[in-house]
Chemist: 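First, the structure itself, so that you have it in front of you.
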Amino acid sequence: MKKSLLFALAATALTAPSYADDHKGMSKAEHDKMHKAHQERLAKILTDPSRAEDSKRDKYRHPAETFDFFRLHPDHVIGEYAPGGEWVSRILGRYVDDKGKYVGLFFGTKTHFSDTAKEGIKAGIAKFPADVAAVSGRPATDFSAFSLSEIPDGAKGTFDRIIVMRMLHNMQRWNIADAEIKAMRDLLKDDGLLGIEQHRAKADAPYSYADGKNGYLREADVIKFMEVNGFELVGKSEINANPKDEANWPDGVWTLPPRLAKGETDKAKYEAIGESDRMTLLFKKRP
């Protein structure tokens with residue numbers, strides 16, 4: 001195992017809340033056995049031949065370590081914010097068991113979006129259950145989705161986990177971050193957790209670069225923003241860090257894979273760098 005990965009795992013172990021926190025009342029042997037079963041369930045999904053194409057990105061996204069850090073359990077109600085890329089959906093659609101639920105949380109549409117965009121969001125919500133069912137082998141009725149501006153009756157306070165994967169910069173640049181995060185907070189149970197993976201700007205990057213429009217945010221800004229909106233940081237991990245990323249590209253994070261915004265210009269250089277440097281943060285809902 002590479003030294004950098006050992007460091008990342010050590011940092012996770014030192015800062016992340018214990019898995020045992022989710023199994024109070026269990027003996028250590030019992031919760032260790034359950035944790036191992038959850039890890040094996042996820043590992044089986046990640047190594048399935050049907051993920052041959054998706055798995056090419058695992059070296060940048062570390063799904064096993066990331067989802068373990070977020071303390072996802074198969075019997076949880078898990079919400080994913082803006083699940084448009086389907087890379088995560090093809091994992092979590094199979095990960096949740098008969099007691100759990102996987103729910104797509106789509107953009108709130110009261111502000112910012114054009115009528116055309118709103119129709120696109122509505123279409124995404126409508127087809128989400130069938131899309132996930134197609135890769136999970138389970139009926140579409142096992143899955144659901146809704147806009148954060150149209151939360152169904154009874155949904156508030158029912159989610160164990162919500163994850164926001166590389167989307168907070170869009171919320172910031174569209175000026176919808178406060179409303180979206182507050183809506184997600186309402187959905188979480190009192191002991192619910194919210195995990196964020198986000199392209200990371202350098203700590204001393206000027207705000208004019210790290211305001212979301214380039215895809216990068218400063219870690220300290222993200223933590224403060226979440227605290228202002230009713231969350232407390234409980235853990236951070238370097239598992240998705242990439243020190244090769246200079247995080248100051250004129251074309252933003254999209255300069256790097258998988259977008260490669262500059263096309264064939266210096267393509268080999270950007271492919272050698274890999275995907276962006278990312279913070280991985282876990283927050284709990286504050287009373």
Chemist: Would you indicate whether the side-chain heavy atoms of N242 and E275 approach each other to under 4.5 Å?
Modeler: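 No; the side chains remain at least 4.5 Å from each other.
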
Chemist: Show, in sequence, the C-alpha distance, side-chain angles and deciding distance for T265 and Y270, and conclude whether the side-chain hydrogen bond (donor to acceptor under 3.5 Å, both in side chains) test is met.
Modeler: CA-CA 9 Å; T265 303; Y270 299 125; over 6 Å; no

Chemist: May I ask you to decide whether K33 forms a salt bridge with E30, counting only side-chain N to carboxylate O separations under 4.0 Å?
Modeler: no

Chemist: Given 3.5 Å as the limit, does a donor-acceptor pair link the side chain of R278 with the main chain of H199, or not?
Modeler: no

Chemist: Can D97 and K99 be said to form a salt bridge (Lys or Arg N to Asp or Glu O under 4.0 Å), step by step?
Modeler: CA-CA 5 Å; D97 62 21; K99 297 179 181 178; over 6 Å; no

Chemist: Got a donor-acceptor contact below 3.5 angstrom from the R218 side chain to the A205 backbone?
Modeler: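 Looks like yes, one N/O pair under 3.5 Å.
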
Chemist: Where do M171 and I181 come nearest, in terms of heavy atoms and distance?
Modeler: CE-CD1, 4.3 Å

Chemist: One pair to check against side-chain contact (heavy atoms from CB on, under 4.5 Å): F283 and V234. What are the steps and the verdict?
Modeler: CA-CA 5 Å; F283 297 87; V234 294; 5.7 Å; no

Chemist: Which residue, I239, T280, L281, N240, forms the side-chain contact (heavy atoms from CB on, under 4.5 Å) with F69?
Modeler: T280

Chemist: How many angstroms lie between atom CD1 of I121 and atom CG of L148, to the nearest 0.5 angstrom?
Modeler: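 CG of L148 is found 10.0 Å from CD1 of I121.
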
Chemist: To the nearest 0.5 Å, how far apart are CZ in R94 and CG in L92?
Modeler: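 One gets 10.5 Å once the value is rounded to the nearest 0.5 Å.
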
Chemist: Which atom pair, heavy atoms only, marks the closest approach of R138 to G93?
Modeler: NH1-O, 4.0 Å

Chemist: Counting N and O atoms only, with roles assigned by atom type, does the side chain of R161 sit under 3.5 Å from a partner on the main chain of R71, one being a donor and the other an acceptor?
Modeler: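 Checking the backbone N and O of R71 against the side chain of R161, a donor-acceptor pair under 3.5 Å is found.
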
Chemist: For the aromatic rings, using the six-membered ring if either is Trp, is the centroid distance between F107 and F113 under 6.0 Å?
Modeler: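 Yes; F113 has its ring centre under 6.0 Å from that of F107.
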
Chemist: Should the pair E238-R200 be classified as a salt bridge under the 4.0 Å nitrogen-to-oxygen rule?
Modeler: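 Between R200 and E238 there is a salt bridge, with a charged N closer than 4.0 Å to a carboxylate O.
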
Chemist: Rounded to the nearest 0.5 Å, how far apart are CE of M165 and CD of E197?
Modeler: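 M165 atom CE to E197 atom CD measures 4.0 Å (nearest 0.5 Å).
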
Chemist: Thinking salt bridges, do K202 and E246 make one under a 4.0 Å N-O criterion?
Modeler: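 Between E246 and K202 there is no salt bridge, as every charged N stays at least 4.0 Å from the carboxylate O atoms.
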
Chemist: Verify the cluster assignment for M167 and I163: are they in a single hydrophobic cluster under the rule of side-chain heavy atoms below 4.5 Å apart?
Modeler: yes

Chemist: Counting C-beta onward and ignoring hydrogens, is there a side-chain heavy-atom pair between P63 and W87 closer than 4.5 Å?
Modeler: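 They are in contact (side-chain heavy atoms under 4.5 Å apart), so the answer is yes.
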
Chemist: Indicate yes or no for a side-chain donor-acceptor contact from T66 to the backbone of R61 under 3.5 Å, with no hydrogens or angles considered.
Modeler: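 Yes; judged by distance alone, with no hydrogens or angles, the pair exists.
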
Chemist: Within a strict 4.5 Å, meaning less than it, do heavy atoms of the K224 and E227 side chains meet?
Modeler: yes

Chemist: At what distance, to the nearest 0.5 angstrom, does CD1 of I273 lie from OG1 of T255?
Modeler: 9.0 Å

Chemist: Report the C-alpha separation of S149 and S147 in whole Å, then their side-chain angles, then the decisive distance to 0.1 Å, and conclude whether the side-chain hydrogen bond (donor to acceptor under 3.5 Å, both in side chains) test is met.
Modeler: CA-CA 5 Å; S149 60; S147 164; 2.9 Å; yes

Chemist: Is the backbone N or O of L193 less than 3.5 Å from a side-chain atom of K284, with the two atoms forming a donor-acceptor pair by type?
Modeler: no

Chemist: Quick check: closest heavy atoms across V88 and F67, and the distance to 0.1 Å?
Modeler: CG1-CZ, 4.1 Å

Chemist: Quick check against the 3.5 Å criterion: does H62 have a side-chain atom that pairs as donor or acceptor with the backbone of K59?
Modeler: yes

Chemist: Report yes if some heavy atom in the side chain of L194 is under 4.5 Å from a heavy atom in the side chain of I196; otherwise report no.
Modeler: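 In short, these two side chains touch, coming nearer than 4.5 Å.
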
Chemist: Report whether W249 and L217 are members of the same hydrophobic cluster (ILVMFWY, side-chain heavy atoms less than 4.5 Å apart, transitive linking).
Modeler: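 The answer is no; the residues belong to distinct hydrophobic clusters.
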
Chemist: Would you call D58 and R51 a side-chain contact if the rule is heavy atoms closer than 4.5 Å?
Modeler: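 Result yes, sub-4.5 Å side-chain heavy-atom pair found.
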
Chemist: Is Y209 close to Y216 at the side-chain level, that is, under 4.5 Å between some pair of heavy atoms?
Modeler: yes

Chemist: So, D160 side chain and V77 main chain: donor-acceptor pair closer than 3.5 Å or not?
Modeler: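 Answer holds: yes.
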
Chemist: Whether K262 and D251 form a salt bridge (side-chain N of Lys/Arg under 4.0 Å from carboxylate O of Asp/Glu) is what I want to check.
Modeler: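 Judged by the 4.0 Å cut-off on N to carboxylate O distance, D251 and K262 do form a salt bridge.
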
Chemist: For G215, does its backbone N or O pair with a side-chain atom of Q198 as donor and acceptor, under 3.5 Å?
Modeler: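 It does hold such a pair.
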
Chemist: Are any side-chain N or O atoms of N175 and backbone N or O atoms of A177, one a donor and one an acceptor, separated by less than 3.5 Å?
Modeler: no

Chemist: Can you find a side-chain donor-acceptor pair between D245 and S276 that sits under 3.5 Å?
Modeler: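 Side-chain D/A pair, D245 to S276: absent.
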
Chemist: Show, in sequence, the C-alpha distance, side-chain angles and deciding distance for L260 and E271, and conclude whether the side-chain contact (heavy atoms from CB on, under 4.5 Å) test is met.
Modeler: CA-CA 8 Å; L260 292 170; E271 287 182 330; 4.0 Å; yes

Chemist: Looking at every heavy atom in both Y102 and P83, which two are closest together, and how far apart are they?
Modeler: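 Looking at all heavy atoms of both residues, the shortest contact is OH-CB, 4.2 Å.
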
Chemist: M184 and I162: which non-hydrogen atoms are nearest, and at how many Å?
Modeler: O-CD1, 3.4 Å

Chemist: Tell me if the NZ atom of K101 is crowded by more than 12 foreign heavy atoms within 6.0 Å.
Modeler: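 Not buried by this count: 12 neighbours or fewer within 6.0 Å.
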
Chemist: Are L256 and L168 connected into the same hydrophobic cluster when the rule is that any two of I, L, V, M, F, W, Y join if their side-chain heavy atoms are below 4.5 Å apart?
Modeler: no

Chemist: If hydrophobic clusters are built by linking Ile, Leu, Val, Met, Phe, Trp and Tyr wherever their side-chain heavy atoms come under 4.5 Å apart, do I151 and F128 end up in the same one?
Modeler: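 Result: yes, single cluster for both.
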
Chemist: Is K285 paired with D191 through a side-chain N to carboxylate O contact shorter than 4.0 Å?
Modeler: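 A salt bridge is absent here (no side-chain N lies under 4.0 Å from a carboxylate O).
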
Chemist: When the ring planes of H73 and H76 are compared, do they come out parallel, tilted or perpendicular, using 30° and 60° as the limits?
Modeler: parallel

Chemist: In terms of side-chain geometry, is the basic nitrogen of R286 or E232 positioned less than 4.0 Å from the acidic oxygen of its partner?
Modeler: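 Between E232 and R286 there is no salt bridge, as every charged N stays at least 4.0 Å from the carboxylate O atoms.
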
Chemist: Rounded to the nearest 0.5 Å, what separates atom CZ in R185 from atom CD in E180?
Modeler: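 Between atom CZ of R185 and atom CD of E180 there are 16.0 Å.
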
Chemist: Stepwise, does the side-chain hydrogen bond (donor to acceptor under 3.5 Å, both in side chains) test hold for H38 with D68?
Modeler: CA-CA 9 Å; H38 292 180; D68 193 50; over 6 Å; no

Chemist: Starting from W174, can I reach L105 by hopping between I/L/V/M/F/W/Y residues whose side chains sit under 4.5 Å apart?
Modeler: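 Looking at the clustering, W174 is in the same group as L105.
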
Chemist: Determine the minimum heavy-atom distance between P129 and A140, stating which atoms define it.
Modeler: CB-O, 3.4 Å

Chemist: So, do F225 and F231 have ring centers that fall under 6.0 Å from each other?
Modeler: no

Chemist: Would you compute the distance between atom CD of E40 and atom NE2 of H35 and round it to the nearest 0.5 angstrom?
Modeler: 10.5 Å

